[in-house]
Structures are given as structure tokens and as C-alpha cells.
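Chain identifiers are assigned alphabetically (A, B, ...) following the order of the sequence lines, protein sequences preceding nucleic acid strands; residue numbering begins at 1 within each chain.
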Amino acid sequence: MSKNRKPAGGRVARDFDPARGGSGGRRGPGRTGASSQKSGSQKAGSRSPKHRGYRPEDAESTKAPRWSRDERVAKGRSPHRADRPGRDERPNRDDRAGRYDRPNRDDRANRDDRAGRYDRDERAPRRFDRDERAPRNEGRYSRDERSPRGERGHGRDERAPRRDRDERAPRRFERDERAPRRDRDERAPRRDRDERAPRRDREFDRPGFRDSGRRPSTFFPEQRHANEQRRTHEQPRTQRFEPGDDVVLDRLQAEAITADAVDGVGFADLGLGRNVVDALAGLGAATPFPIQAATIPVVLEGRDVLGRGRTGSGKTIAFGAPTVERLMQDWAATGKAGGKRQVGRKPRALILAPTRELALQIDRTVQPIAQSVGLFTTQIYGGVPQGRQVGALQRGVDIVIGTPGRIEDLIEQGRLDLSEIRITVLDEADHMCDLGFLEPVQRILRRTAEGSQKLLFSATLDTGVAALVDEFLVDPAVHEVAGEDQASSTIEHRVFVIDNRDKRDIVASLADRNGKTLIFSRTRAFAEELALHLEDAGVFAVALHGDLNQAKRTRNLQQLTSGRVDVLVATDVAARGIHVDDIDLVIQADAPDEYKTYLHRSGRTGRAGREGRVVTLTTRHRQRRLSELLGRAEIEVEFEDVRLGDEVLSNL
DNA sequence: AAAAAAC
């Protein structure tokens with residue numbers, strides 16, 4: 001009855017890297033109400049004692065819907081739609097029905113009325129509750145999400161609070177997402193010994209920076225040429241961005257490292273200092289993965305690097321650790337003391353990611369590494385008040401991690417100066433070169449120090465990045481891991497050919513299981529709809545897509561990470577980079593249009609060598625298109641005709 | 001055509 005309960009045993013150790021958020025505090029046993037909630041919070045608590053720690057008490061006093069939700073799940077509830085369990089689960093929505101006619105403005109007004117304007121400290125937590133979990137609020141959000149005026153509603157929801165929160169809200173977010181940061185913030189800003197002279201740029205000049213010819217460039221001009229002549233397996237194409245145009249670009253010629261080449265090699269052997277090595281160990285990374293072994297020394301040399309390692313192969317540390325090490329060495333070389341915050345110090349490294357969640361996740365990995373040598377990081381991304389971000393920048397930050405929009409925004413506001421950026425990392429670099437991302441990224445890169453080091457990483461790095469490489473990189477070293485073909489993958493792929501009208505029920509049937517399941521939808525609307533449908537079918541699920549406000553996005557992802565919920569329905573916002581431990585099934589409710597998307601979505605499972613399964617749903621008349629896509633992805637799958645009620649759906 | 005990314 002109660003679906004998606006966790007197996008009592010809890011899960012196996014999660015080592016591996018990025019999502020600190022993912023690993024730390026998963027509690028094993030089923031969630032049975034407040035107490036388990038609390039332990040669930042520990043993980044979050046470790047990151048933000050305040051936020052999670054508060055939860056239980058607050059929850060009880062305010063009767064947060066979640067608790068009752070969980071209790072219900074624990075008790076098992078009727079899976080029948082007629083019983084509207086989903087409604088029960090989300091009491092807010094219905095309870096708040098009366099509120100439905102109330103304009104948002106009222107909510108807003110309320111908020112203001114309620115929150116003592118002056119007492120920030122008290123207010124923040126309170127507000128937080130309201131925003132993220134109080135019934136009232138949840139109701140409001142829900143309403144927005146479902147109502148036709150949702151779009152406007154969201155905008156209002158996000159914007160309204162922001163206005164008056166600007167000065168204090170930032171902190172809240174911090175608490176929510178990462179504790180360490182707070183410490184940093186609390187460290188008193190040190191004396192301003194800032195002496196970042198332009199000189200430093202030169203001092204930082206990378207040895208070997210100019211010695212091109214070390215390796216024939218894989219890019220110019222042939223690559224540019226290749227870029228313009230994107231080709232498919234079937235036929236050459238000359239037009240870019242044709243709708244539905246999914247093409248395979250040339251793979252980069254790369255130096256390949258073999259897995260056994262890293263046997264017995266430690267991070268210290270790669271040139272990382274002791275503090276960094278210790279920090280990595282603290283993150284669960286005891287010894288380097290191949291892509292890390294391949295790229296870390298080269299990054300430390302100061303070269304531009306293109307790194308290609310399949311999903312879940314440890315790319316974050318591959319660029320994060322050497323970036324920190326380099327900044328630290330630079331610092332030491334210029335006689336600066338580490339560990340002291342210098343007001344107004346400009347950032348020296350920039351890490352760009354395509355989504356906020358990914359930026360956050362990268363920071364969770366990089367921040368502890370940076371902290372180990374006294375460097376500060378900050379996240380700069382949209383959807384949250386900028387006040388805290390700006391505050392951090394003013395206090396001095398060494399590494400900025402964020403998404404393009406807000407970064408450009410702050411640059412234009414004159415609050416972020418990239419002129420001293422010596423290392424820029426583009427995670428999911430090929431995606432950052434897609435339409436819509438490329439130009440902002442280019443503008444941002446142009447703001448960084450001339451000739452500064454650039455690192456481009458992606459599981460699907462191809463010549464699509466030529467636009468950036470041509471302009472910004474010098475004689476890049478290209479590295480990949482040998483033998484990373486699908487045959488060696490730990491992911492099992494299946495394709496079910498279904499009747500479109502059964503899709504939602506089939507998804508529900510597949511998702512009704514033990515273990516974490518990530519479901520992809522092509523549109524936000526369908527993701528939302530599916531999540532609701534799943535709940536109606538008795539499968540506890542949350543959604544993640546761009547129509548949600550950031551608080552909800554963060555929270556819903558966190559719910560999957562923490563194991564509070566086992567099913568997440570997402571758009572492609574979650575396709576790339578997001579690491580959640582132990583997702584053992586990925587369902588593509590809508591097949592992707594691009595083979596790269598297929599690879600990235602699939603890559604949310606089977607991470608760090610674990611087993612994973614991917615089920616892609618398609619319809620009869622889309623079979624061919626999907627099979628071509630799979631061909632480009634070099635994945636061989638037998639298509640299976642599946643009907644609702646088939647055993648394969650329940651016994652996957 | 002959709003998704004993401006600023007306010």
C-alpha cells in the first residue's frame with residue numbers, strides 16, 4: 001500500500017563525490033514521522049542546523065503538512081484515486097481551498113504583517129517556515145502551480161518576498177543550503193591587505209602557457225569547420241539548430257587515460273597539497289578516479305584543459321581540486337596569508353554551470369576543498385535574493401560558482417568584478433555552448449583576465465564547444481578516459497513501446513517500487529501533472545522544474561537526496577550534473593530529442609560504477625526516431641511492446 | 001518545440 005517506502009536496511013555507503021548533500025545524512029529506516037524526519041534532517045542539519053533543526057518543533061507547532069504526510073505514508077494510505085489520497089497528502093491545497101479566492105497580494109500583506117519587520121533574526125526562521133513548509137504557503141504555491149495563472153503567480157511569489165527580504169533573506173538561504181558558509185560569513189572580515197595588483201595577473205602566468213605545438217590543436221581551424229558542418233550519421237547538414245536536429249559532432253581528439261593507470265596513485269601524487277588531499281578524503285574521495293588523475297596535473301600546470309569523462313565519473317573534483325590548489329599556490333607565491341578574509345578581494349576563479357541546482361552542488365564539493373586552504377567560495381545564481389550574494393562578494397571571495405544570468409546581472413550592477421579571474425571552469429561545457437547559453441557565457445568570459453586559464457568539462461564534450469575554444473582557449477589539452485563506451489557502462493537500458501494514453505499509469509506502475517526513481521518529462525506542465533498523478537496513484541512524488549520557485553526546487557531535490565521521497569519528476573533541469581546517491585531507476589516518460597540528453601538523463605543513475613537502469617517510454621510512431629537517437633548514443637536496445645498491467649511494469 | 005538562465 002504505502003508505496004515507495006524505503007527498504008528498512010538503508011543503503012549502502014555512498015562514497016563518491018559531488019553531492020555532499022546527497023551522501024551525508026541519509027537515514028536508513030523508513031520514514032515514520034517526526035523522529036525519522038529529524039534524523040533525516042541531520043544531514044541537512046549538518047549543513048544547516050537551523051533550518052532542519054527547527055523543523056520538528058516548528059512543524060509541530062504549526063502543524064506542517066509534511067509531517068502528516070509522512071505519517072500517512074507510513075501508515076499506508078489508500079492508493080485509490082477516489083480516495084484522493086494525494087489530496088490528503090497535500091492538505092494545504094485543499095485546506096487552503098478557501099484561500100483560493102484570496103489574491104496573492106493578501107498573502108503578501110500577511111507576510112509582511114506577520115513578520116516583525118525589525119527583528120531579522122527571529123523573523124528569518126519564521127519566514128522560512130512559511131515560505132517553504134507552512135501550510136499556508138504551500139497552499140499558495142500549489143495553487144499557483146496548478147492554476148492557469150500560475151506563471152504570473154510564480155513571478156509574484158518570487159518577487160514579492162524578495163523585495164522586503166533583500167537584506168536578510170540571503171542568510172536564510174545560506175542556512176538552508178550550506179552550513180559551512182555561515183561559518184565563513186561569521187569570520188570577521190580581516191584587514192584589507194588587499195594588494196591585488198594587475199601585476200598578479202602576470203605572476204600568475206602559467207608556465208607553458210604559450211608553448212603551443214605541444215599538441216596539435218584539435219580545434220582550429222578544422223574544428224570550426226567541423227562545427228559548421230555538423231553532420232548526422234545519415235546525411236550531412238549545414239544548418240544549425242534545426243528543430244529536432246540531433247546530430248553527432250566530432251568527438252574531440254583526446255589523450256586517453258586508462259583506468260589501470262591510476263592504480264596506486266594518490267591525489268598527492270597528482271600534485272595536490274596536503275590540505276586539499278585531506279579535504280578530498282573528507283568528501284569520500286580517497287583515491288583519484290581516472291578523469292581526475294588525467295586532468296589534475298595538467299590543470300596544475302596551468303594549461304587550458306578540455307575534460308571528458310562520462311556521467312558520474314568524478315569531474316567536479318577533477319576541476320575543483322586543482323583550481324583550489326592553484327589559487328592557493330598563487331596566493332602563497334604572492335606572500336599572502338591563507339585563511340584570512342580580505343575585504344573587497346576580488347574572485348580569482350569562476351565556475352559556471354547551466355542550472356542553479358548544479359551550481360549549488362558544485363559548491364558543496366568545492367567549498368570544503370577551498371576552505372581547507374583558507375579560500376572562500378560563494379554561489380551566484382538567480383531565483384534568490386541577491387543581497388547575501390552581494391554581501392559575500394563585498395566581504396571577499398576567491399571562487400565564484402554560479403549560473404550565467406545572475407553573474408552577468410551582478411557584473412552590470414558593478415557588484416562583481418571578474419577582472420582578476422585566473423581560472424574559469426565551464427561545467428557541462430557543451431551545453432553552455434547551446435543556443436541561449438553561448439552568448440552570455442561569451443560575454444562573461446570576456447570579462448575575465450586576459451589569457452587566463454580555462455577548463456571545459458562535460459560527459460559529452462564535442463566540437464560544439466569550438467566557439468568558445470577558438471576565442472578563449474590556447475592550446476588546450478584534451479583528456480578523456482579510455483574505454484568509456486556503452487558496453488562498459490553499468491547502466492542497463494530498456495525501451496518500452498506503449499500506448500500514449502497509458503503513459504501516466506505506466507509511469508506510476510514503474511515508479512511504484514522501492515528505491516529512488518527519477519522521472520523525466522519533456523515539459524514543466526507534464527512534470528507537474530505526472531507528480532500529481534503519481535500521488536493520486538499512491539506513489540509519493542515531488543516535481544522539479546523551472547516553474548517552481550527556487551525554494552521549492554531546492555527543497556524538492558533535497559527531498560529526493562535525503563530519501564524523504566523516492567520519486568522525483570523533473571524536466572531536463574535535472575538532466576545534467578545532478579548527483580543523487582542511489583538513483584537506481586531513471587524513467588524517461590517522454591523520450592528525449594537529443595542523444596546527449598539521453599546520455600545525461602541516463603547518467604543520473606549508474607554513478608561511480610554503480611548499477612542503474614533506464615527505461616524509456618515511447619510510442620509506436622516515434623520508434624524510429626528514438627532508435628536513430630539511440631544509434632547516435634551508441635546504445636543497443638531491443639524495443640519491447642508493453643501494455644498497462646504487464647508484469648514487466650511491476651517487476652522491473 | 002522545450003528547457004535553462006536575471007529582475
Kindly point out which of [options] is positioned nearest to the side chain of [X]?
X        : options             : result
A:Arg522 : B:dA1, B:dA3, B:dA4 : B:dA1
A:Thr355 : B:dA5, B:dA2, B:dA3 : B:dA5
A:Glu357 : B:dA3, B:dA2, B:dA5 : B:dA5
A:Asp593 : B:dA4, B:dA6, B:dA1 : B:dA1
A:Arg356 : B:dA6, B:dA4, B:dA1 : B:dA6
A:Thr571 : B:dA1, B:dA3, B:dA6 : B:dA3

Rounded to the Å, how far apart are [X] [atom1] and [N] [atom2]?
X        : N     : atom1 : atom2 : result
A:Phe526 : B:dA2 : CZ    : C1'   : 14 Å
A:Asp590 : B:dA3 : CG    : P     : 10 Å
A:Glu412 : B:dA5 : CD    : C1'   : 13 Å
A:Leu410 : B:dA6 : CG    : C1'   : 9 Å
A:Phe437 : B:dA2 : CZ    : P     : 17 Å
A:Asp572 : B:dA3 : CG    : P     : 9 Å
A:Ile411 : B:dA5 : CD1   : P     : 17 Å
A:Glu439 : B:dA6 : CD    : P     : 16 Å

Problem - B:dA6 phosphate, OP1 or OP2, under 4.0 Å from A:Arg443 side-chain N/O - result: no

Practice task
Would you please confirm or rule out a distance under 4.0 Å between OP1 or OP2 of B:dA4 and any side-chain N or O of A:Thr403?
Solution key: no

Practice task
List in chain and number order the residues that pass side chain to side chain contact (heavy atoms under 4.5 Å, CB included) with A:Arg443, two or more places apart in sequence or in another chain; answer none if no residue qualifies.
Solution key: A:Glu408, A:Glu439, A:Pro440, A:Arg446

Problem - With A:Ala318 via side chain to side chain contact (heavy atoms under 4.5 Å, CB included) - residues at least two apart - result: A:Ile291, A:Gln292, A:Thr295, A:Phe457

Practice task
Pick base, sugar-phosphate or nothing for A:Arg576, based on heavy-atom distances below 4.0 Å to the nucleic acid.
Solution key: nothing

Practice task
Run the salt-bridge test on A:Asp581 and A:Arg607 with the 4.0 Å N-O cut-off and return the result as yes or no.
Solution key: no

Exercise for the section: Please determine if A:Asp246 and A:Arg632 form a salt bridge, counting it only when a charged side-chain N lies under 4.0 Å from a carboxylate O. Expected result: yes

Practice task
Examine distances only and state if a side-chain atom of A:Asp304 and a backbone atom of A:Lys454 form a donor-acceptor pair shorter than 3.5 Å.
Solution key: yes

